[in-house]
Engineer: 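Have a look at the structure that comes next, please.
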Amino acid sequence: MINDFTKKEAPILSTLGLGGGNASRLFLSGAVLSNRSLRFNDDDQASLSRTPSSAGNRKTFTYSCWFKRANISRGYLFSVWNSDTDSEVFAVQLSSSHTLNIDLISKTLRITDQVFRDPSAWYHLVIAVDTTQSTASNRLKVYINGSQVTSFSTNVNFSQNDDTGVNGTFAHQIGRYFRNSSTEHPFDGYMADIYLIDGSALDPTSFGAADSNGVWQRSTYSGSYGTNGFHILDFANDGTIGSDTSGNGNTFTANNFSTTAGSGNDVLFDFPTNDTVNTDAGAGGEVTGNYACINPLLK
């Protein structure tokens with residue numbers, strides 16, 4: 001079963017249509033771009049950053065993204081840090097042990113039993129937080145490829161009505177943990193279709209659905225976003241990296257990405273949904289999607 005998460009190893013989905021392998025590049029020239037991913041090169045310390053000007057709901061939110069690993073090393077997908085008090089930390093990282101960890105400044109909330117070490121597969125992550133819930137286990141839920149993760153080596157809950165750093169007026173970082181003017185453990189890989197929903201704790205059906213083969217596929221969120229909610233890395237408007245297409249205007253600043261044509265271009269056609277609009281005429285760089293590729297873990 002592709003969504004059997006009782007196993008130690010997270011499922012390898014690339015052979016079922018969820019593994020991106022096309023390394024074609026795109027030069028950003030102001031044209032309308034859709035269905036692209038952004039490469040985060042840890043050597044460049046590439047990241048996206050935004051500090052909200054006003055606070056939203058710090059108790060209830062949903063974070064959703066698609067990611068694919070490249071260099072299998074420790075790296076942060078998303079983090080928030082209050083530089084004034086060295087607190088209000090909320091961080092999501094892929095550890096050196098290949099697990100998914102969710103951390104606060106003083107403790108680790110979750111470490112998954114399953115591991116994420118397939119560099120050919122796209123993974124869909126949803127983290128739903130609602131610290132107002134009376135049942136402790138309902139205050140933080142984690143989903144991978146549409147299924148809730150329930151097996152953790154560390155499983156610590158928020159206290160009821162805890163305020164998190166998320167949606168506060170603190171630096172929100174994608175692709176790194178930035179503390180004391182220093183980048184720590186930047187992510188190395190690809191990300192696409194990132195959402196933050198301010199004020200709602202949602203399940204994965206708001207962002208995706210299983211197809212007729214049972215394979216989890218992305219879909220477009222159609223609900224409200226709240227004050228600090230955003231939708232980035234769908235490239236549905238112009239070619240500006242980090243543009244928010246939610247309608248809120250919560251655009252992120254891009255740090256250390258290249259849009260120069262050639263092998264260094266960080267905007268890629270590798271994407272967790274197959275292109276059904278464009279036609280491949282053989283020129284290359286015409287169609288986005290997930291392509292069958294050899295998994296380097298299989299020997």
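FYI, side chains are in, hydrogens and waters are out, and symmetry mates aren't considered; it's all heavy atoms of this structure.
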Engineer: Taking all non-hydrogen atoms of both residues, which atom of W216 and which atom of P204 are closest, and how far apart?
Structural biologist: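 Residues W216 and P204, closest heavy atoms: CZ2-O, 3.4 Å.
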Engineer: Just by distance, do the side chain of Q93 and the backbone of G75 share a donor-acceptor pair under 3.5 Å?
Structural biologist: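 No, the answer is negative, given that no donor and acceptor are paired below the 3.5 Å cut-off.
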Engineer: Suppose the criterion is ring pair (Phe, Tyr, Trp, His ring centres under 6.0 Å): which pairs have a residue in residues 130-154, not counting sequence neighbours?
Structural biologist: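 Qualifying pairs: none.
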Engineer: Judged by modelled atom types alone, do T60 and D130 share a side-chain donor-acceptor pair under 3.5 Å?
Structural biologist: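 There is such a pair between these side chains.
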Engineer: Is there side-chain contact between N41 and D188, with at least one heavy-atom pair below 4.5 Å?
Structural biologist: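 N41 reaches D188 side chain to side chain.
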Engineer: Between H231 and Y225, how do the two ring planes meet: parallel, tilted or perpendicular, split at 30° and 60°?
Structural biologist: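 It falls in the parallel class, under 30°.
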Engineer: What pair of heavy atoms forms the shortest contact from A171 to T51, and how long is it?
Structural biologist: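 It is CA-OG1, 3.4 Å.
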Engineer: Evaluate the ring planes of Y195 and F207, with Trp represented by its six-membered ring, and classify them as parallel (under 30°), tilted (30 to 60°) or perpendicular (over 60°).
Structural biologist: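 Plane angle between 30° and 60°, so tilted.
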Engineer: Group every Ile, Leu, Val, Met, Phe, Trp and Tyr by side-chain heavy-atom contacts under 4.5 Å, then state whether L104 and V80 land in the same group.
Structural biologist: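 Same cluster.
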Engineer: How close do Q114 and V149 get, counting heavy atoms only, and between which atoms?
Structural biologist: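 Heavy atoms of Q114 and V149 come nearest at OE1-CG1, 3.6 Å.
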Engineer: So, the side chain of N167 versus the backbone of N57: is there a donor-acceptor pair under 3.5 Å, distance only?
Structural biologist: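 Yes, the answer is positive, given that a donor and an acceptor are paired below the 3.5 Å cut-off.
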Engineer: Just verifying a value: how many Å separate I102 CD1 and T154 OG1, rounded to the nearest 0.5 Å?
Structural biologist: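 One gets 11.5 Å once the value is rounded to the nearest 0.5 Å.
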Engineer: Any side-chain to backbone donor/acceptor pair from T251 onto D244? Under 3.5 Å, distance only.
Structural biologist: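 Yes; judged by distance alone, with no hydrogens or angles, the pair exists.
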Engineer: What distance do S47 atom OG and F78 atom CZ have between them, rounded to the nearest 0.5 Å?
Structural biologist: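 Here the interatomic distance stands at 13.0 Å.
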Engineer: Mind checking what makes side chain to side chain contact (heavy atoms under 4.5 Å, CB included) contact with H185, not counting sequence neighbours?
Structural biologist: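 Partners of H185 under the side chain to side chain contact (heavy atoms under 4.5 Å, CB included) test: R74, Y76.
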Engineer: Centre of F269's six-membered ring, under 6.0 Å away, within 45 degrees of the axis: is that where NZ or CZ of R36 sits?
Structural biologist: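 Yes, R36 sits over the ring of F269.
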Engineer: Which value, rounded to the nearest 0.5 Å, describes the distance between S64 atom OG and Y221 atom OH?
Structural biologist: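 So the gap between those two atoms works out to 10.5 Å.
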Engineer: Between the side chain of R139 and the main-chain N/O of S134, is any donor-acceptor distance below 3.5 Å?
Structural biologist: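 Such a contact is found between R139 side chain and S134 backbone.
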Engineer: In the structure I gave you, are the side-chain heavy atoms of P272 and K68 within less than 4.5 Å of one another anywhere?
Structural biologist: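 Heavy-atom side-chain distance check fails, nothing below 4.5 Å.
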Engineer: Assess the side chains of D103 and T108: does a donor N or O sit below 3.5 Å from an acceptor N or O?
Structural biologist: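 Side-chain D/A pair, D103 to T108: present.
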Engineer: Is there side-chain contact between L48 and L233, with heavy atoms separated by less than 4.5 Å?
Structural biologist: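 Yes, close enough: below the 4.5 Å cut-off.
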Engineer: Which heavy atom of S95 sits nearest a heavy atom of N101, and at what distance?
Structural biologist: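 What the structure gives for the nearest pair is CB-ND2, 3.7 Å.
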Engineer: Is a side-chain N or O of T62 found less than 3.5 angstrom from the main chain of L202, in a donor-acceptor match?
Structural biologist: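 Judged by distance alone, yes, a pair lies under 3.5 Å.
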Engineer: A side-chain contact here means heavy atoms from C-beta on lying under 4.5 Å apart; do Y190 and W122 qualify?
Structural biologist: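 Yes, their side chains come closer than 4.5 Å.
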Engineer: Give me the atom names and distance for the closest heavy-atom approach of F40 to A46.
Structural biologist: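 For F40 and A46, the tightest heavy-atom pair comes out as CD2-O, 3.6 Å.
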Engineer: Within the 3.5 Å criterion, strictly below it, is a donor on D211 or Q217 matched to an acceptor on the partner's side chain?
Structural biologist: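 The answer is yes; a qualifying pair exists.
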Engineer: I'd like to check H98 versus F116 (side-chain heavy atoms, cut-off strictly below 4.5 Å). Are they in contact?
Structural biologist: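 Sidechains of F116 and H98: no contact.
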Engineer: Just wondering, do N157 and L140 contact through their side chains at under 4.5 Å, heavy atoms?
Structural biologist: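 L140 vs N157: side chains apart.
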Engineer: Taking it one step at a time, do I144 and T112 satisfy side chain to side chain contact (heavy atoms under 4.5 Å, CB included)?
Structural biologist: CA-CA 11 Å; I144 295 290; T112 60; over 6 Å; no
Engineer: Is there a side-chain contact between R218 and H124 (heavy atoms, below 4.5 Å)?
Structural biologist: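 Answer no - side chains too far apart.
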Engineer: Are a donor atom and an acceptor atom from the side chains of R110 and N155 found within less than 3.5 Å of each other?
Structural biologist: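 Side chains of R110 and N155: pair found under 3.5 Å.
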Engineer: Can you measure from CD1 (I197) to CG (N228) and round to the nearest 0.5 angstrom?
Structural biologist: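 CG of N228 is found 11.5 Å from CD1 of I197.
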Engineer: Do the side chains of F158 and T164 get nearer than 4.5 Å, heavy atoms only?
Structural biologist: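 The answer is yes, as the side chains (C-beta and beyond) meet within the 4.5 Å cut-off.
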Engineer: Taking only residues at least two apart or on different chains, which pairs with a member in residues 43-66 satisfy salt bridge (charged side-chain N to carboxylate O under 4.0 Å, His left out)?
Structural biologist: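 Passing the test, one end in residues 43-66: R58-E88, K59-D163.
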Engineer: For D234 and D193, which heavy atoms make the closest approach, and how far apart are they?
Structural biologist: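 For D234 and D193, the tightest heavy-atom pair comes out as CB-OD1, 3.7 Å.
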Engineer: Establish, yes or no, whether a centroid distance under 6.0 Å links the rings of F90 and Y63.
Structural biologist: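 Judged by ring-centre distance (under 6.0 Å), F90 and Y63 do not meet the cut-off.
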Engineer: Kindly assign one of parallel, tilted or perpendicular to the pair F252 and F230, based on the angle between their ring planes and the thresholds 30° and 60°.
Structural biologist: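 Taking F230 first and then F252, their aromatic rings stand perpendicular (interplane angle over 60°).
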Engineer: Would a distance-only check, ignoring hydrogens and angles, find a side-chain to backbone donor-acceptor pair under 3.5 Å from S243 to T240?
Structural biologist: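 Here the side-chain-to-backbone pair exists.
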Engineer: Just checking, is any N or O donor in the side chain of N255 or T253 under 3.5 Å from an acceptor N or O on the other one?
Structural biologist: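 No donor-acceptor contact under 3.5 Å links the two side chains.
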